[in-house]
Protein chains: 2
Amino acid sequence: MGMEETKFIINSNEYLPLRDVVFNTLRDAILTGKLVPGERLMENQLADRLGVSRTPVREALRMLALENLVELVPRKGAQVLDMSEKDIINILEVRDALESLATSIACVKMRKEELQKLKNVEAEFERAVGESDLERIIQLDEDFHDLILESTENDKLTQIYQNLRVQLYRYRMAHLKVDSSIPAIIAHHRGIMRAIENHDAEEGATVAHGHIKYHTEFILRSIHNK
Amino acid sequence: MGMEETKFIINSNEYLPLRDVVFNTLRDAILTGKLVPGERLMENQLADRLGVSRTPVREALRMLALENLVELVPRKGAQVLDMSEKDIINILEVRDALESLATSIACVKMRKEELQKLKNVEAEFERAVGESDLERIIQLDEDFHDLILESTENDKLTQIYQNLRVQLYRYRMAHLKVDSSIPAIIAHHRGIMRAIENHDAEEGATVAHGHIKYHTEFILRSIHNK
DNA sequence: AAAAGAAACAATGTATACAGTATTATTAAG
DNA sequence: CTTAATAATACTGTATACATTGTTTCTTTT
């Protein structure tokens with residue numbers, strides 16, 4: 001249902017293994033809610049629907065399990081993982097620590113050109129806010145945090161952080177959708193940039209912590225209102 | 001070579017898929033150095049050697065890749081991942097943040113019985129130190145940190161932390177092997193327990209940070225001496 | 001009619017076969 | 001003798017077939 005065909009393989013210049021195509025397709029379906037939590041994912045059925053054999057489907061399911069998007073039970077099969085509120089709180093708790101870490105490292109390591117990029121993204125972000133362009137706001141907010149991560153030159157940190165973000169994807173609009181929260185977010189971003197500019201790692205960690213805490217509030221509120 | 005057969009499947013009461021058997025076997029071989037960094041892992045060869053087909057071997061390799069123990073290059077194959085010093089520093093940087101987080105949560109959440117367990121483990125640890133029982137010292141040090149993780153009631157944090165630990169497994173003795181470092185470690189452990197007892201989260205985070213920093217020093221030194 | 005058991009079915013686990021692509025070895029040209 | 005082109009080989013990618021297990025349905029017994 002709504003699951004697209006895999007024609008795009010042909011158009012692509014680069015080679016992409018089928019397992020990655022299936023992975024991307026399923027991941028997208030889960031994150032956009034086309035596949036809902038608890039739904040069983042049967043290999044044969046998916047394979048038929050996607051026009052491939054079970055092999056790449058199996059491998060894709062295992063990749064999804066590694067991202068904590070599906071749950072695999074031996075000899076029972078896979079299902080879209082449902083996150084409890086506790087899971088979300090747990091993820092946010094870890095993300096808080098990692099965001100603080102990243103920001104404090106950025107305060108030490110970030111170079112002038114990178115800071116300039118960050119300022120440009122933030123300017124665009126605030127412009128998008130003026131135009132109430134929600135999709136763009138979300139993208140630029142992500143970009144902002146990605147630039148900070150990049151400046152840490154720590155792939156491991158980046159990888160773990162982005163994995164946590166994927167798991168929270170469903171709630172990515174929770175805080176940005178509420179108009180009243182935007183000014184606070186802008187203030188946080190500016191605070192982070194100021195800390196970076198002043199090479200004040202402690203201040204950076206503190207502001208980042210406040211930022212995530214604020215975000216956490218909104219996510220939890222949006223869960224409760226469902 | 002030296003790779004054991006898979007007879008033990010039969011003896012086991014619980015069912016273990018072959019992919020998990022292969023995974024455990026390969027993981028063990030990598031962590032104990034029987035498979036060295038850079039070594040190519042060919043599916044056919046491993047399958048023959050382990051007496052299984054390529055299918056479970058493939059799946060096991062992908063699981064290992066997820067733990068960052070092997071590197072998979074599409075259409076090229078798998079090889080045991082070699083970590084650079086930078087990788088190790090990156091991992092330690094993240095672990096530092098997570099250990100501090102875990103300890104500060106423990107200071108808030110840990111219950112009396114759990115603290116008692118922690119004290120017991122520490123007592124055993126110090127006894128093992130007296131007996132210079134290195135294997136046991138390492139195990140009890142792990143147990144100590146596991147108890148702290150458990151008390152956080154944060155599965156996500158636990159999972160990520162333990163994954164980082166696996167990646168550092170090769171260096172797990174670096175600091176415990178040096179006799180002169182043991183008194184400092186004991187002091188750290190006691191400091192952590194005191195912070196937990198006093199419910200002083202800030203103190204806990206600080207001591208944990210110092211502990212990891214100390215550990216980091218030894219790991220880096222042991223790399224340079226190779 | 002309810003519960004236990006057996007049989008049919010459907011799903012995952014594993015093995016194998018075939019296809020396509022890197023790599024290596026071999027040959028030809030300069 | 002070196003380099004480029006080509007053929008042979010060895011590996012991964014994918015599909016499919018078979019084995020095993022879990023589930024459901026239908027029968028049988030109490």
Side-chain angles (χ1 to χ4, degrees), chain A residues 1 3-27 30 35 38-66 69-81, chain B residues 1 3-27 30 35 38-66 69-81:
Chain A
M1 226 191 286
M3 205 81 73
E4 291 306 311
E5 285 198 4
T6 56
K7 290 272 173 53
F8 50 90
I9 306 168
I10 301 151
N11 295 341
S12 173
N13 268 341
E14 298 178 36
Y15 163 78
L16 245 196
L18 276 184
R19 60 168 173 272
D20 290 321
V21 175
V22 175
F23 171 75
N24 288 332
T25 306
L26 292 179
R27 185 169 118 138
I30 292 171
L35 292 170
E39 187 162 343
R40 277 194 72 184
L41 298 174
M42 282 167 296
E43 298 172 1
N44 265 321
Q45 188 183 321
L46 291 172
D48 289 350
R49 198 178 283 184
L50 297 169
V52 299
S53 78
R54 269 180 64 208
T55 309
V57 171
R58 272 181 80 80
E59 296 187 346
L61 286 176
R62 280 163 203 294
M63 291 163 79
L64 290 165
L66 133 71
L69 292 177
V70 312
E71 191 184 6
L72 292 177
V73 182
R75 280 170 162 160
K76 287 281 195 71
Q79 58 177 49
V80 181
L81 195 63
Chain B
M1 231 188 280
M3 206 79 74
E4 290 309 310
E5 284 197 6
T6 57
K7 289 272 172 53
F8 51 89
I9 307 168
I10 301 152
N11 295 342
S12 172
N13 268 341
E14 300 178 34
Y15 163 78
L16 246 197
L18 276 184
R19 60 169 171 274
D20 291 320
V21 175
V22 175
F23 170 75
N24 289 332
T25 306
L26 291 180
R27 185 168 117 138
I30 292 171
L35 292 171
E39 187 163 343
R40 279 194 71 184
L41 298 175
M42 282 167 294
E43 298 173 1
N44 265 320
Q45 188 184 321
L46 291 173
D48 288 350
R49 199 179 284 185
L50 297 170
V52 299
S53 78
R54 271 180 63 209
T55 308
V57 172
R58 273 181 79 80
E59 297 187 347
L61 286 176
R62 281 164 202 293
M63 292 164 78
L64 290 165
L66 137 70
L69 292 177
V70 313
E71 191 184 5
L72 292 178
V73 181
R75 280 172 164 161
K76 287 283 194 67
Q79 57 177 50
V80 181
L81 194 62

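Lettering follows sequence order; numbering is per chain, from 1.
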Asks: Hey, could you give me the CG/CD distance between A:L81 and A:E39, rounded to the nearest 0.5 Å?
Replies: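 Spacing of CG (A:L81) from CD (A:E39) equals 13.5 Å.
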Asks: Nearest 0.5 Å please: distance from the CZ atom of A:R49 over to the CG atom of A:N44.
Replies: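 CG of A:N44 is found 12.5 Å from CZ of A:R49.
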Asks: Testing the basics here: between B:P17 and A:P74, what is the closest heavy-atom pair and its distance to 0.1 Å?
Replies: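 Closest heavy-atom pair between B:P17 and A:P74: CG-CB, 4.2 Å.
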Asks: Return the CG to CG distance between B:L26 and B:L50, rounded to the nearest 0.5 Å.
Replies: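 The CG atom of B:L26 sits 6.0 Å away from the CG atom of B:L50.
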Asks: Apply side chain to side chain contact (heavy atoms under 4.5 Å, CB included) to the pair A:V22 and A:L46, showing each step before the final yes or no.
Replies: CA-CA 9 Å; A:V22 175; A:L46 291 172; over 6 Å; no
Asks: Reading DNA chain C 5' to 3', which nucleotide is the first, and which the last, to come under 4.0 Å of any heavy atom in chain B?
Replies: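 The contact span of chain B on DNA chain C goes from C:dG13 to C:dT23.
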Asks: Table please: side-chain donor-acceptor pairs of residues 56-65 of chain A below 3.5 Å, with sequence neighbours left out.
Replies:
from  : atom 1 : to    : atom 2 : distance (Å)
A:R58 : NE     : B:E59 : OE2    : 2.8
A:R58 : NH1    : A:E43 : OE1    : 3.4
A:R58 : NH1    : A:E43 : OE2    : 3.1
A:R58 : NH2    : B:E59 : OE1    : 3.4
A:R58 : NH2    : B:E59 : OE2    : 3.1
A:E59 : OE1    : B:R58 : NH2    : 3.4
A:E59 : OE2    : B:R58 : NE     : 2.8
A:E59 : OE2    : B:R58 : NH2    : 3.1

Asks: Assess the residue pair B:L35 and B:I30 against the criterion (side chain to side chain contact (heavy atoms under 4.5 Å, CB included)); give the C-alpha distance rounded to whole Å, side-chain angles, the decisive distance to 0.1 Å, and a yes or no.
Replies: CA-CA 5 Å; B:L35 292 171; B:I30 292 171; 4.0 Å; yes
Asks: Please name the pair of heavy atoms, one in A:D20 and one in A:L16, separated by the smallest distance, quoted to 0.1 Å.
Replies: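 Result for this residue pair: CB-CD2, 3.6 Å.
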Asks: In degrees, rounded to 10°, what is the bend between the two ends of the helix from C:dA1-D:dT30 to C:dG30-D:dC1, using five pairs at each?
Replies: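 One end's axis against the other's: 10°.
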Asks: I'd like a list of close polar pairs between nucleotides 6-9 of chain D and the protein, N/O only, cut-off under 3.5 Å.
Replies:
none

Asks: Would you tabulate the pairs of protein nitrogen or oxygen atoms and nucleotide nitrogen or oxygen atoms of nucleotides 12-14 of chain D closer than 3.5 angstrom?
Replies:
from   : atom 1 : to    : atom 2 : distance (Å)
D:dT12 : OP2    : B:E43 : N      : 3.3
D:dT12 : O3'    : B:R75 : N      : 3.3
D:dG13 : OP1    : A:R19 : NH2    : 3.0
D:dG13 : OP1    : B:R75 : N      : 3.1
D:dG13 : OP2    : B:R58 : NH1    : 3.0
D:dG13 : OP2    : B:R58 : NH2    : 3.1
D:dG13 : O3'    : A:Y15 : OH     : 3.4
D:dG13 : N7     : B:R54 : NH2    : 3.1
D:dG13 : O6     : B:R54 : NH1    : 3.0
D:dT14 : OP1    : A:L18 : N      : 2.6

Asks: With rounding to the nearest 0.5 Å, note down the distance linking CD in B:E71 to CD in B:Q79.
Replies: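 Output value for this atom pair is 5.5 Å.
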